Chemist: 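This is the structure I have questions about; it appears just below.
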Amino acid sequence: MNVHVLFNSTSPGNGTYPPEDPNTPLLTNFNVLLASVSLLLNAILSLSLNLRLSTPLLVAALRCFVQLSLLGVILKTVFTSQNPWTVSAMGGALVILGAWEATWNRSKRRFEGMFWSTLLSMGLTCVICASLASRWAMGSTPWWSPERFIPVLGMSLGNAIAGISVGVGYVLNVLGTAEREKVELSLAFGATRWEATRPLLREAIRLATLPSITQMSVMGLISIPGTMTGTILGGADVDQAVKYQLVLIFVISGCTGVATVMAVWACLAVVVDERHRVRPERIYGKAKNGESLWSKWRKSRAAKKAAREEAMNGSGPENTEREPLLSRVN
């Protein structure tokens with residue numbers, strides 16, 4: 001089976017879109033317009049129930065059309081060029097946009113340095129997994145072949161964003177509210193920060209990986225995967241489409257789990273410092289009273305700077321040694 005047919009891309013140097021298959025109908029914008037009529041049902045339902053979702057629905061549909069159209073133009077250029085530097089630039093842009101999405105759009109709460117830790121965890125895991133999958137699982141030569149590397153990287157990033165948002169969000173919701181009392185109690189009795197936060201780490205990873213497990217359990221029995229459906233509609237062989245879908249879902253699930261572990265670990269390392277203290281002031285987000293995120297970030301930086309100055313002067317809490325609660329009582 002030709003991989004160019006599988007991913008509906010071009011063969012090197014010929015610049016033909018879509019693959020030349022007489023049994024595959026050519027779709028136009030009119031076909032897309034006809035399919036978008038189904039969105040009117042949701043808009044009508046929103047208006048009738050006063051859900052106030054009509055405008056967000058239309059905006060999201062318009063953004064989807066524009067973004068996918070631009071992506072198609074960019075991917076066509078990347079696939080045609082067959083240049084490793086172009087592929088690297090495309091992959092780097094996807095990783096940066098994915099980290100930005102996970103940090104600023106998906107998360108209601110954030111911690112200091114969340115963007116960079118998310119960028120590092122997603123970049124390392126997704127790029128490595130996509131490279132290994134392209135070279136060894138799919139037999140692509142070279143391994144950076146854009147017809148395989150870019151789609152696998154994009155799907156891996158999409159699932160990693162969801163996993164990191166769920167895992168980090170759970171940790172921040174616990175440590176940023178009164179629910180952190182259990183962690184503080186464990187720390188007061190002499191537990192290290194990793195011993196006290198181990199239940200949080202386990203639960204965060206469980207919540208983040210549960211959707212992937214559920215997806216794999218119902219795949220092929222209740223639902224037909226989107227990748228498999230697209231490849232079959234594009235004229236690919238069914239058996240090969242099944243094998244490629246299995247490769248993708250296994251790689252994506254593993255990548256999501258590793259990226260979530262790295263992101264949650266970085267979150268715990270920041271929010272619970274090296275002196276084994278919970279630092280809720282390092283968690284910030286949009287305040288209920290309308291305070292902007294920028295203002296919260298500036299206040300957080302100012303408080304951190306003041307704490308450092310106090311520590312340097314010998315009057316701050318940084319020079320106070322932590323001792324177990326039981327020893328203080330005795």
Side-chain angles (χ1 to χ4, degrees), residues 1-9 18-19 21 23-24 27 35 38-39 42 60 64 67-68 71-72 75 91 94-95 98 101-102 106 121-122 125-140 145-170 202-264:
M1 176 189 167
N2 192 342
V3 69
H4 308 307
V5 175
L6 176 67
F7 287 113
N8 197 22
S9 62
D21 187 352
N23 297 324
T24 302
L27 301 181
S38 59
L39 294 177
N42 290 336
C64 180
Q67 291 169 180
L68 287 179
L71 179 62
L75 287 180
L94 291 177
V95 173
E101 176 71 18
R106 294 292 187 93
S121 60
M122 291 178 60
T125 56
C126 293
V127 171
I128 293 176
C129 289
S131 302
L132 295 177
S134 176
R135 177 62 184 93
W136 301 109
M138 298 182 180
S140 178
S145 178
E147 295 86 356
R148 299 189 181 189
F149 177 75
I150 294 298
V152 175
L153 178 61
M155 287 184 286
S156 300
L157 288 172
N159 285 268
I161 289 173
I164 290 175
S165 300
V166 173
V168 174
Y170 171 78
R202 291 175 178 174
E203 184 64 17
I205 297 173
R206 190 189 71 84
L207 292 175
T209 56
L210 188 60
S212 297
I213 297 175
T214 304
Q215 184 181 11
M216 286 190 291
S217 63
V218 302
M219 188 172 293
L221 178 64
I222 301 175
S223 64
I224 300 179
T227 302
M228 181 178 173
T229 302
T231 54
I232 293 176
L233 292 177
D237 181 70
V238 177
D239 292 336
Q240 288 296 308
V242 171
K243 292 181 175 60
Y244 271 96
Q245 178 63 59
L246 290 174
V247 169
L248 291 175
I249 191 61
F250 292 159
V251 171
I252 290 172
S253 299
C255 179
T256 301
V258 176
T260 302
V261 171
M262 293 181 62
V264 173

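Small disclaimer: the values here were computed from a predicted structure and weren't measured.
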Chemist: Please determine whether side-chain contact (heavy atoms from CB on, under 4.5 Å) holds for the pair Met228 and Ile249, giving the CA-CA distance in whole Å, both sets of side-chain angles, and the decisive distance to 0.1 Å.
Modeler: CA-CA 11 Å; Met228 181 178 173; Ile249 191 61; over 6 Å; no

Chemist: Tell me if a side-chain donor or acceptor on Ser38 pairs with a main-chain N or O of Ala35 at a distance below 3.5 Å.
Modeler: yes

Chemist: Which pair of non-hydrogen atoms, one from Gly91 and one from Ile150, has the smallest distance, and what is that distance?
Modeler: N-CD1, 4.2 Å

Chemist: Any pair with a residue in residues 205-214 that passes side chain to side chain donor-acceptor pair (under 3.5 Å), sequence neighbours left out, goes on the list, sorted by first then second residue, please.
Modeler: Glu203-Arg206

Chemist: Could I get the full list of side-chain contact (heavy atoms from CB on, under 4.5 Å) partners for Leu27, not counting sequence neighbours?
Modeler: Asn31

Chemist: Less than 3.5 Å apart, which donor and acceptor atoms pair up between the side chains of residues 154-170 and the rest of the protein, not counting sequence neighbours?
Modeler:
from: Ser156; atom 1: OG; to: Val152; atom 2: O; distance (Å): 2.8
from: Asn159; atom 1: ND2; to: Met155; atom 2: O; distance (Å): 2.9
from: Ser165; atom 1: OG; to: Ile161; atom 2: O; distance (Å): 2.7

Chemist: Evaluate the criterion side-chain contact (heavy atoms from CB on, under 4.5 Å) for residue pair Phe149 and Arg135; output intermediate values, then yes/no.
Modeler: CA-CA 9 Å; Phe149 177 75; Arg135 177 62 184 93; over 6 Å; no

Chemist: Please check this pair: side chain of Ser131 against backbone of Val127, looking for a donor-acceptor N/O pair closer than 3.5 Å.
Modeler: yes

Chemist: Just to verify, what does Leu68 make a side-chain contact (heavy atoms from CB on, under 4.5 Å) with, not counting sequence neighbours?
Modeler: Cys64, Leu71

Chemist: Report the residues that fulfil side-chain contact (heavy atoms from CB on, under 4.5 Å) with Val258, sequence neighbours left out, ordered by chain and then residue number.
Modeler: Thr125, Met262

Chemist: Measure across Met122 and Gly98 and return the closest heavy-atom pair with its distance rounded to 0.1 Å.
Modeler: CE-C, 3.8 Å

Chemist: Kindly write out the residues that satisfy side-chain hydrogen bond (donor to acceptor under 3.5 Å, both in side chains) with Glu101, not counting sequence neighbours, or none if the list is empty.
Modeler: Asn105, Arg106

Chemist: CG/Leu248 to OG1/Thr231 distance, rounded to the nearest 0.5 angstrom?
Modeler: 9.0 Å

Chemist: Considering non-hydrogen atoms only, spot the tightest contact between Thr260 and Ala208 and give its length.
Modeler: CG2-CB, 3.4 Å

